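Before we start, here is the structure in question, set down as structure tokens.
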Amino acid sequence: GEQVEQLPSILRVQEGSSASINCSYEDSASNYFPWYKQEPGENPKLIIDIRSNMERKQIQELIVLLDKKAKRFSLHITDTQPGDSAMYFCAASRSSGSWQLIFGSGTQLTVMP
Amino acid sequence: GALVYQYPRRTICKSGTSMRMECQAVGFQATSVAWYRQSPQKTFELIALSTVNSAIKYEQNFTQEKFPISHPNLSFSSMTVLNAYLEDRGLYLCGAREGTGDTEVFFGKGTRLTVV
């Protein structure tokens, strides 16, 4: 079945710098790629998503890129702030008429002041 | 707005016993509900996908006999962990969405299961 690889598992950056998280997927028919942020004790929250008809999407300081040929997508957080510290999960939708999201293993982002 | 409530938030059960967790959608119609388990290693494992008026689809390594799910209407789903053992511990998340397209999936805060 679909597997989603996510790297790195741990990421520490200085406040104000950029943070990048990379994911790859196997199913070339996957067409929906959301990113979730999860803070301790909280539910995962959707922060940005991209569909297969796009290559780039930006919401404020969040940028997602999708390379369908390489089956890779990435999240870039520009001008990071301490409040961006959290677990981040990428996901890919599985095809075959179902919508199950298959998640990556997560990235623990720490933004150091 | 759309919200998903899960309860209980935390539960402890003795090894070999069972516990039931519930998922309530507010502000939207939960046409589909997916149950995930987030392991101590932080990975989300998909357990099963339930769509109202359709059969529940279980993932490999998860069975109805172990994780029976009920999804009787567009606002409620429940899942039971039968004969819980140590390997069943973790955070169980309910994710729900409206419709059948690629709409946003809303997650609850999860039920954390500890088995002693």
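Proteins come first, then strands; the chains are lettered A, B, ... in the order of their sequence lines, and each starts at number 1. Treat the numbers as computed from the prediction; the structure is a model and nothing was measured.
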Legend entry - Neighbour count above 12 (heavy atom, 6.0 Å) for E87(B) CD: yes
Inset, instruction - Supply the atom-to-atom distance Q38(A) CD to K109(B) NZ, rounded to the nearest 0.5 angstrom. - result: 11.5 Å
Legend entry - Distance-minimising heavy-atom pair for G108(B) and P44(A): O-CD, 4.0 Å
Inset, instruction - Measure distances from E59(B) to the heavy atoms of chain A and classify the residue's part below 4.5 Å as side chain, backbone, both or neither. - result: side chain
Inset, instruction - Considering non-hydrogen atoms only, spot the tightest contact between Y36(A) and V105(B) and give its length. - result: OH-O, 3.3 Å
Legend entry - Spacing of F107(B) atom CZ and L46(A) atom CG [to the nearest 0.5 Å]: 9.5 Å
Inset, instruction - Consider only side-chain heavy atoms of I, L, V, M, F, W and Y, link residues closer than 4.5 Å, and tell whether Y7(B) and Y92(B) are in one cluster. - result: no
Legend entry - CD/E55(A): more than 12 non-hydrogen atoms of other groups inside 6.0 Å: no
Legend entry - Pair listing, ring-ring contact (aromatic ring centres under 6.0 Å, His included) test, anchored in residues 51-78 of chain B, at least two apart: F62(B)-F67(B)
Legend entry - OH/Y5(B): more than 12 non-hydrogen atoms of other groups inside 6.0 Å: no
